[in-house]
Chemist: 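Take this structure first; my questions come after.
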2 protein chains.
Amino acid sequence: MPLESGGSNHASFLDQPNDHGVALKLATWNVNSLKVRLPHVLSWLSTSQCDVLCLQELKLEQAAFPQAEIEAAGYRAAWFGQKTYNGVAILTRLPLEPRDVVCGIPDYPDVQSRVIAATVGDMRVICAYFVNGESVESDKYQYKLAWLAGLHRYIERELQLHDGRVVLLGDFNIAPADLDVYDPAAWQDKVLCSKPERDAFDQLIALGLTDGFRHCHPDTVAYSWWDYRAAMFRRNLGLRIDHILYGHGLRALDAAIDTEPRRWERPSDHAPVWLTLDDQP
Amino acid sequence: MPLESGGSNHASFLDQPNDHGVALKLATWNVNSLKVRLPHVLSWLSTSQCDVLCLQELKLEQAAFPQAEIEAAGYRAAWFGQKTYNGVAILTRLPLEPRDVVCGIPDYPDVQSRVIAATVGDMRVICAYFVNGESVESDKYQYKLAWLAGLHRYIERELQLHDGRVVLLGDFNIAPADLDVYDPAAWQDKVLCSKPERDAFDQLIALGLTDGFRHCHPDTVAYSWWDYRAAMFRRNLGLRIDHILYGHGLRALDAAIDTEPRRWERPSDHAPVWLTLDDQP
DNA sequence: GGAGAAGCGG
DNA sequence: CCGCTTCTCC
């Protein structure tokens with residue numbers, strides 16, 4: 001997969017360096033209700049100083065998005081809401097702003113609000129809340145596989161359109177490898193870990209995307225989600241299912257999963273995952 | 001209504017004076033879920049120092065009563081629980097204890113846990129959560145009137161059995177007079193204020209009971225309940241529907257409605273009502 | 001408006 | 001376990 005250099009003639013992300021030097025910090029966080037988690041999000045924004053934060057499971061309708069609070073924190077947002085379930089958003093730190101916002105997967109009809117894309121600086125950011133699938137026996141699992149195929153085609157097009165300067169981030173509801181699972185034997189062939197799901201993940205990678213966290217930490221065991229039940233977080237029994245994949249037109253500097261917010265009062269069951277990108281093409 | 005002196009040969013409430021001298025302080029409080037309001041109850045017990053506290057709307061089943069916490073506060077309790085709705089309790093400050101506990105109205109079959117009686121010291125305490133009735137057009141209103149008749153017969157018997165040393169207290173769901181209503185015209189003939197309900201209240205009084213609060217404060221406008229909606233408490237738009245009625249064998253010293261707990265975080269919609277009784281027959 | 005239930009989704 | 005919903009009751 002050669003690095004495309006012909007079409008790309010982009011400027012830097014920002015006119016002036018941010019707190020990460022010339023790097024851009026992106027993050028993804030399934031907040032499991034933005035209404036409940038807004039204080040966490042605002043607090044985390046202020047300390048993490050990330051430039052782009054992608055949220056999933058807003059669980060609020062379009063009109064209920066807390067735009068004023070987000071903007072008061074110095075961010076702009078594009079969001080795709082839905083009552084009760086799903087809902088995704090892209091937050092960008094000023095002077096960055098989401099441009100050319102596209103909700104949903106074009107040509108893939110879906111009543112659920114799972115995908116939002118925007119151009120930020122000169123890269124395409126695609127925030128997705130992947131279908132969970134419930135169990136491999138479930139109808140929802142079939143929907144998941146079909147949805148994954150639809151997303152694959154979408155990402156393929158976006159990579160072409162944006163010369164590999166694409167970041168796909170969100171709650172993938174897929175643990176790509178056994179290293180990403182606290183008990184691989186128990187999870188073998190279970191939803192989130194099944195072969196077809198991992199194949200779909202690998203096919204995204206085969207498009208020329210890199211798993212940011214795994215690239216930076218090839219052997220590190222780290223999880224981004226812990227079931228609320230059975231004190232799974234306290235016992236660190238989790239899965240790494242939230243990911244940041246970046247295209248061949250970009251280069252990663254560092255990545256991590258910030259488990260601190262998972263320790264806060266009334267936490268989301270997910271922790272934010274972040275990645276810094278070098279601004280030298 | 002002459003004061004019965006022949007049959008009554010009772011000792012004092014307590015062997016030694018309590019914080020109110022020789023008086024006994026009784027209170028009633030509809031807590032609207034004891035599970036949620038337990039901290040309020042414990043806090044109020046510690047400051048009010050009342051000897052007998054009757055609770056309504058526990059909204060918990062018999063086994064879920066927080067006995068340990070109540071006892072740790074220095075109280076004993078008898079309770080009559082029910083899942084979701086109703087539920088009543090009598091709390092007594094040690095060394096007082098509830099004796100001869102009777103749940104429900106004997107000979108008045110009712111699946112709802114609305115009445116509990118106990119002997120405390122040498123008086124009979126009857127704690128009741130009266131039927132609300134919903135509206136005068138409702139079937140529940142007919143149930144209310146029938147229930148009131150059943151209660152009347154019960155109280156009549158208890159007054160005879162205990163030589164007028166009876167206290168009936170609880171959420172009556174009846175505002176006895178227009179003075180007890182923030183907008184009598186609007187509430188005219190409405191449930192809680194209708195003629196048949198007020199007649200039933202007056203018939204209880206006619207048994208030889210005295211409305212403790214009204215006896216001590218003949219002209220005072222004071223409410224014990226304010227609807228959660230429309231900021232009714234802030235605007236002091238309420239009703240006096242929680243009462244302490246005492247028999248002719250007892251004498252009141254003072255009474256009040258403590259509106260402070262209604263200002264606390266996540267309050268009940270009712271405020272505690274208290275009465276002190278002289279221990280000189 | 002605030003409590004509880006029951007049911008869905010994760 | 002935790003969030004959402006709709007429902008009932010007051």
Side-chain angles (χ1 to χ4, degrees), chain A residues 30-38 40 56-61 64 81-87 112 114 129-135 138-141 143-144 171-173 190-192 225-235 237-239 241-242 262 264-270, chain B residues 30-38 40 56-61 64 81-87 112 114 129-135 138-141 143-144 171-174 190-192 224-235 237-239 241-242 262 264-270:
Chain A
N30 178 322
V31 290
N32 188 16
S33 166
L34 182 56
K35 181 189 166 79
V36 173
R37 230 67 66 194
L38 182 61
H40 288 205
Q56 302 87 39
E57 283 212 86
L58 308 181
K59 291 188 174 179
L60 42 82
E61 14 194 356
Q82 179 185 328
K83 190 181 174 177
T84 314
Y85 302 119
N86 312 308
Q112 304 189 357
R114 296 187 169 275
Y129 173 50
F130 287 46
V131 176
N132 175 288
E134 194 182 27
S135 74
S138 169
D139 289 345
K140 293 170 188 165
Y141 182 77
Y143 165 53
K144 181 175 193 170
D171 174 359
F172 282 54
N173 272 316
K190 293 282 195 306
V191 76
L192 312 187
W225 170 81
W226 304 258
D227 199 303
Y228 280 123
R229 288 161 284 194
M232 299 292 264
F233 178 70
R234 194 185 48 72
R235 303 189 287 155
L237 305 180
L239 303 182
I241 57 178
D242 300 271
R262 183 62 239 238
W264 295 346
E265 283 277 296
R266 271 188 109 190
S268 166
D269 44 349
H270 295 252
Chain B
N30 178 322
V31 290
N32 189 15
S33 168
L34 183 55
K35 182 190 165 83
V36 173
R37 229 69 66 196
L38 182 61
H40 287 205
Q56 302 87 40
E57 284 211 85
L58 307 181
K59 290 186 174 181
L60 41 81
E61 19 196 350
Q82 179 185 330
K83 190 179 173 177
T84 312
Y85 302 119
N86 311 307
Q112 304 189 357
R114 296 187 170 275
Y129 174 49
F130 287 46
V131 175
N132 175 288
E134 195 180 23
S135 74
S138 169
D139 289 344
K140 292 170 187 164
Y141 183 77
Y143 165 54
K144 181 175 194 169
D171 175 0
F172 282 54
N173 272 315
I174 301 173
K190 294 281 194 308
V191 76
L192 312 188
S224 66
W225 170 81
W226 303 258
D227 198 304
Y228 280 122
R229 288 162 284 195
M232 299 291 263
F233 178 70
R234 194 185 48 70
R235 302 190 287 153
L237 305 179
L239 302 183
I241 58 177
D242 300 271
R262 184 62 239 242
W264 295 345
E265 284 278 295
R266 273 187 109 192
S268 167
D269 43 350
H270 295 252

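Lettering follows sequence order; numbering is per chain, from 1. Everything numeric in this text was worked out from a predicted model, so none of it was measured. As a basis for the values below, the full set of heavy atoms in this structure was taken, side chains included, without hydrogen atoms, waters or symmetry mates.
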Chemist: Taking the side chain as everything from C-beta on, heavy atoms only, tell me whether A:Q112 gets closer than 4.5 Å to A:Y143.
Modeler: yes
Chemist: A:D139 CG to C:dG9 P: how many Å, rounded?
Modeler: 12 Å
Chemist: Take A:V36 and A:D227, find for each the nucleotide of DNA chain D with the closest heavy atom, and name the residue whose nucleotide sits nearer the 5' end.
Modeler: A:D227
Chemist: Does either side chain, that of B:N132 or that of B:K144, offer a donor lying less than 3.5 Å from an acceptor on the other one?
Modeler: no
Chemist: Between C:dC8 atom P and A:N132 atom CG, what is the distance in whole Å?
Modeler: 16 Å
Chemist: Send over the distance from B:W225 CH2 to C:dG2 C1', rounded to a whole Å.
Modeler: 12 Å
Chemist: For the pair made of CD in A:Q112 and P in C:dC8, what is the distance, rounded to whole Å?
Modeler: 16 Å
Chemist: Check the distance between C:dG10's C1' and A:L239's CG and give it to me in whole angstrom.
Modeler: 12 Å
Chemist: Using a 4.5 Å cut-off on heavy atoms from C-beta on, say whether the side chain of A:V131 contacts that of A:Y141.
Modeler: no
Chemist: Check every nucleotide of DNA chain D for an atom under 4.0 Å from a heavy-atom of chain A, then give the first and the last such nucleotide from 5' to 3'.
Modeler: D:dC1 to D:dT6
Chemist: Determine yes or no for a side-chain-to-main-chain donor-acceptor pair under 3.5 angstrom, with A:H40 supplying the side chain and A:L34 the backbone.
Modeler: no
Chemist: Please report the distance, rounded to the nearest Å, between NZ in A:K83 and C1' in C:dC8.
Modeler: 14 Å
Chemist: When the distance from CG of B:D269 to P of C:dG4 is rounded to whole Å, what number comes out?
Modeler: 12 Å
Chemist: Can you measure B:Y129 atom OH to C:dA3 atom P for me and round it to whole angstrom units?
Modeler: 15 Å
Chemist: For B:F233, report the nucleic acid contact type (base, sugar-phosphate, nothing); a contact means any heavy atom under 4.0 Å.
Modeler: nothing
Chemist: Output all residues satisfying side-chain hydrogen bond (donor to acceptor under 3.5 Å, both in side chains) with B:D242, sequence neighbours left out; order by chain, then residue number.
Modeler: B:S224, B:H270
Chemist: Are any non-hydrogen side-chain atoms of A:D171 and A:I241 less than 4.5 angstrom apart?
Modeler: yes
Chemist: Does C:dG10 have OP1 or OP2 under 4.0 Å away from a side-chain N or O of A:K59?
Modeler: no
Chemist: Closest approach to the side chain of B:R266, judged atom by atom: which nucleotide of C:dG10, C:dA3, C:dG4 is it?
Modeler: C:dA3
Chemist: Could you report the tightest heavy-atom contact between B:D227 and B:M232, atom names first, then the distance?
Modeler: O-CB, 3.3 Å
